[in-house]
Amino acid sequence: MNLVGASFDSLPPIDLPFRFFISGILFPIVLAILIVLSGEEPWLSRWHPTMLAITHGFTLGFLGCVMMGALLQILPVVGGISFPKVRLVASYSHIFHLLGTLNLILAFIFPKPLFVISSIVFLFFGFVLYSSAALWAVFNTKSKSVTISGIRLAILLLIVTVVLGLFMQLRALGINLIGLDKIYTDIHAFWGLFGWISLLIIAVSFQVIPMFHVAPNFPAWLSNHLPSLMALVLMLLVTTPLINNLMDELVAILLVLQCLYCITLLIVMSRRKRKIPDTTINYWQLAALSFLLLSCFYFVPKQYINHSFYQELIAPKEELLFAAVFIYFYLVSVLQGMLLKILPFLSYTHLQQRCLMNFSALQFLPNMHEILTKQHANILFVLHCFSGLLLIFTILYPKLYWLLAALLFVEFSFLLAISLKVIRIYQVCSTKIIKQSEIDN
């Protein structure tokens with residue numbers, strides 16, 4: 001592991017990111033139950049209220065919670081600075097985010113004013129609190145790294161994404177500030193998925209890929225310019241309601257930029273010095289290859305695809321398929337793989353910090369592979385691949401919804417069990433270290 005440039009002096013208490021991680025993992029488990037109860041109908045259209053609830057359950061629930069928790073730890077490591085009033089900010093933003101996301105899911109399924117208003121209020125205060133603290137941290141750090149620059153852009157794009165989403169929620173209350181054109185929904189989706197989550201993943205990868213996997217740094221031309229170019233294209237997307245004919249061209253440019261990152265990512269990982277089997281590497285590769293295949297399908301002229309197959313199966317569900325593959329095979333894959341690294345790494349690092357003042361306590365410091373075993377990681381990866389494939393088949397053949405729900409429930413319950421085991425090991429070792437320190441003193 002290459003820790004050059006990393007700082008561990010400002011780490012927040014470990015329970016703060018862990019509560020975000022556990023909450024995020026619980027969302028897909030709840031969504032699996034929702035899928036069973038909803039039947040086939042939601043899979044007929046991306047605009048179905050329950051499908052919107054499922055989509056936001058994954059994006060705001062799982063992806064949002066994991067990214068917010070990870071950022072609490074990443075900023076101190078790469079920027080040497082923590083969130084201001086970190087326990088206060090993390091605790092309240094976590095509660096507001098959970099309440100807001102749950103109410104938003106309910107608002108899609110049961111469009112009652114109470115759920116709509118509650119989702120707007122809780123998400124607004126949660127994101128204002130969290131993003132304000134994050135912006136203070138990234139603009140007050142002395143670090144000039146490309147990771148910090150990328151995180152700044154991602155947080156700014158998150159703010160616009162949230163504002164646009166809240167404007168769309170206000171429509172349900174009869175308050176129409178941006179019109180009814182569905183193009184705003186597409187812009188909201190692109191800003192959220194490519195601007196907030198994907199751009200943050202890209203920025204963080206510039207640090208964690210070389211650090212965790214002893215790989216070379218990303219090329220300077222890519223790390224210095226790609227985040228800014230993606231942000232520029234996303235900002236131009238806002239003009240598409242006025243200049244509709246630019247939408248396709250801007251989306252194409254965005255996909256090309258993302259493909260450029262995925263190709264470079266695969267090259268960088270192929271040049272890592274320690275080429276031992278690593279499930280997290282498998283997740284990164286799966287994500288990159290999935291996005292490249294998705295982009296190939298997007299750019300291939302449709303006349304080269306079997307006409308009857310495309311018209312009968314793909315065309316009616318094309319947007320839903322693209323969103324599902326991007327969210328599940330790319331974004332969820334990366335974050336699930338990162339969790340397998342972050343959970344044991346955080347536990348080990350915090351335990352190691354406790355041992356610095358008492359070296360005799362080092363005997364209780366576990367190996368990172370003892371905290372989270374390779375066998376468990378491999379099982380989770382296989383489950384994720386099968387559930388992803390079943391997601392695609394369920395979109396094409398909705399009668400499979402119950403099987404998808406069952407596999408999602410198993411996959412994320414297993415991830416939850418792994419995470420809880422990591423927490424238990426941390427607590428047991430931490431107790432032993434504290435007792436040893438008391439004995440020695």
Side-chain angles (χ1 to χ4, degrees), residues 45-47 51-52 55-56 58-60 63 150 153-154 156-165 167-168 178-203 222 225-265 287-305 310-311 313-334 391-392 395:
S45 170
R46 64 174 282 207
W47 302 106
M51 181 53 63
L52 291 173
T55 302
H56 285 80
F58 267 104
T59 53
L60 275 176
L63 298 175
L153 283 174
L156 291 171
L157 293 173
L158 166 66
I159 293 171
V160 179
T161 302
V162 172
V163 170
L164 190 55
F167 281 167
M168 288 189 291
I178 57 173
L180 298 174
D181 198 324
K182 288 185 177 180
I183 197 170
Y184 290 107
T185 305
D186 293 332
I187 295 171
H188 170 70
F190 277 112
W191 275 63
L193 297 178
F194 283 89
W196 157 234
I197 304 174
S198 185
L199 188 55
L200 188 57
I201 286 172
I202 289 172
L222 182 98
H225 303 296
L226 181 68
S228 300
L229 288 173
M230 289 184 65
L232 176 61
V233 174
L234 288 165
M235 285 188 283
L236 291 174
L237 273 176
V238 179
T239 67
T240 54
L242 302 175
I243 314 173
N244 288 321
N245 61 338
L246 282 180
M247 184 73 171
D248 291 341
E249 287 79 1
L250 291 172
V251 170
I253 294 171
L254 195 60
L255 293 179
V256 169
L257 292 173
Q258 187 76 43
C259 284
L260 188 61
Y261 166 75
C262 288
I263 293 170
T264 308
L265 171 68
L289 291 172
S290 297
F291 188 85
L292 291 173
L293 287 173
L294 181 69
S295 299
C296 287
F297 189 83
Y298 179 87
F299 286 113
V300 169
K302 300 305 180 277
Q303 61 264 30
Y304 293 109
I305 303 174
Y310 178 76
Q311 291 298 327
L313 278 180
I314 305 298
K317 307 280 188 71
E318 189 170 14
E319 291 180 336
L320 184 56
L321 278 168
F322 270 75
V325 172
F326 180 61
I327 291 172
Y328 201 79
F329 270 105
Y330 182 72
L331 299 178
V332 174
S333 294
V334 169
L391 172 61
I392 295 173
I395 294 172

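Remember, predicted model here, so these are calculated numbers, not experimental data.
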Item checked: Distance (rounded to the nearest 0.5 Å) between Leu229 CG and Ile253 CD1 -> 10.0 Å
Notebook entry, point to check: Is there side-chain contact between Leu153 and Ser228, with at least one heavy-atom pair below 4.5 Å?
Noted result: yes
Note to self: Quick check for you: to the nearest 0.5 Å, what is the distance between Phe297 atom CZ and Glu318 atom CD?
What the structure shows: 6.0 Å
Notebook entry, point to check: Nearest 0.5 Å, what's the CG-CD1 distance between Leu222 and Ile202?
Noted result: 8.0 Å
Notebook entry, point to check: Can you check whether Trp191 reaches Leu164 side chain to side chain, under 4.5 Å on heavy atoms?
Noted result: no
Next item on the list: Could you check Leu236, Leu232, Leu237 and say which one makes a side-chain contact (heavy atoms from CB on, under 4.5 Å) with Leu234?
Entry: Leu237
Notebook entry, point to check: CD1 of Ile263 to OG of Ser295: how many Å apart, nearest 0.5 Å?
Noted result: 9.0 Å
Checklist line | Phe329: ring-ring contact (aromatic ring centres under 6.0 Å, His included) partners, not counting sequence neighbours | finding: none
Notebook entry, point to check: Tell me, do Val325 and Tyr330 make a side-chain contact under 4.5 Å, heavy atoms counted?
Noted result: no
Next item on the list: Evaluate side-chain contact (heavy atoms from CB on, under 4.5 Å) for Val160 paired with Met235, printing each intermediate quantity in order.
Entry: CA-CA 10 Å; Val160 179; Met235 285 188 283; over 6 Å; no
Checklist line | Non-hydrogen atoms of Ser45 and Leu320 that approach each other most closely | finding: C-CD2, 4.5 Å
Item checked: Atom pair CZ/CE of Phe190 and Met230 - distance to nearest 0.5 Å -> 11.0 Å
Check: Which atom names give the shortest non-hydrogen contact between Ile395 and Ala324, and what distance separates them?
Finding: CD1-CB, 3.4 Å
Item checked: Flag side-chain contact, heavy atom, 4.5 Å: Thr264 against Leu226 -> no
Item checked: Pairing residues for Tyr328 by the side chain to side chain donor-acceptor pair (under 3.5 Å) criterion, not counting sequence neighbours -> Ser387, Glu411
Checklist line | Where Gly150 and Pro227 come nearest, the two heavy atoms and their spacing | finding: CA-CB, 4.4 Å
Next item on the list: State the CE-OG1 distance between Met168 and Thr185, to the nearest 0.5 angstrom.
Entry: 5.0 Å
Next item on the list: Using ring-ring contact (aromatic ring centres under 6.0 Å, His included) as the criterion, list what pairs up with His56, not counting sequence neighbours.
Entry: Phe108
Next item on the list: Check side chain to side chain donor-acceptor pair (under 3.5 Å) between Ser198 and all other residues, then give those that pass, not counting sequence neighbours.
Entry: Gln258
Check: Does the ring centre of Phe326 sit less than 6.0 Å away from the ring centre of Phe194?
Finding: yes
Margin query: Pair Leu331, Phe58 - check side-chain contact (heavy atoms from CB on, under 4.5 Å), show working.
Written below: CA-CA 10 Å; Leu331 299 178; Phe58 267 104; over 6 Å; no
Checklist line | Leu199 to Ala154 - nearest heavy-atom pair and separation | finding: CD2-N, 4.0 Å
Next item on the list: Could you go through the side-chain contact (heavy atoms from CB on, under 4.5 Å) check for Val162 and Trp196 one step at a time?
Entry: CA-CA 10 Å; Val162 172; Trp196 157 234; over 6 Å; no
Check: According to the salt bridge (Lys or Arg N to Asp or Glu O under 4.0 Å) rule, which pairs have a member within residues 184-195, sequence neighbours left out?
Finding: Arg46-Asp186
Checklist line | Leu293: side chain to side chain contact (heavy atoms under 4.5 Å, CB included) partners, not counting sequence neighbours | finding: none
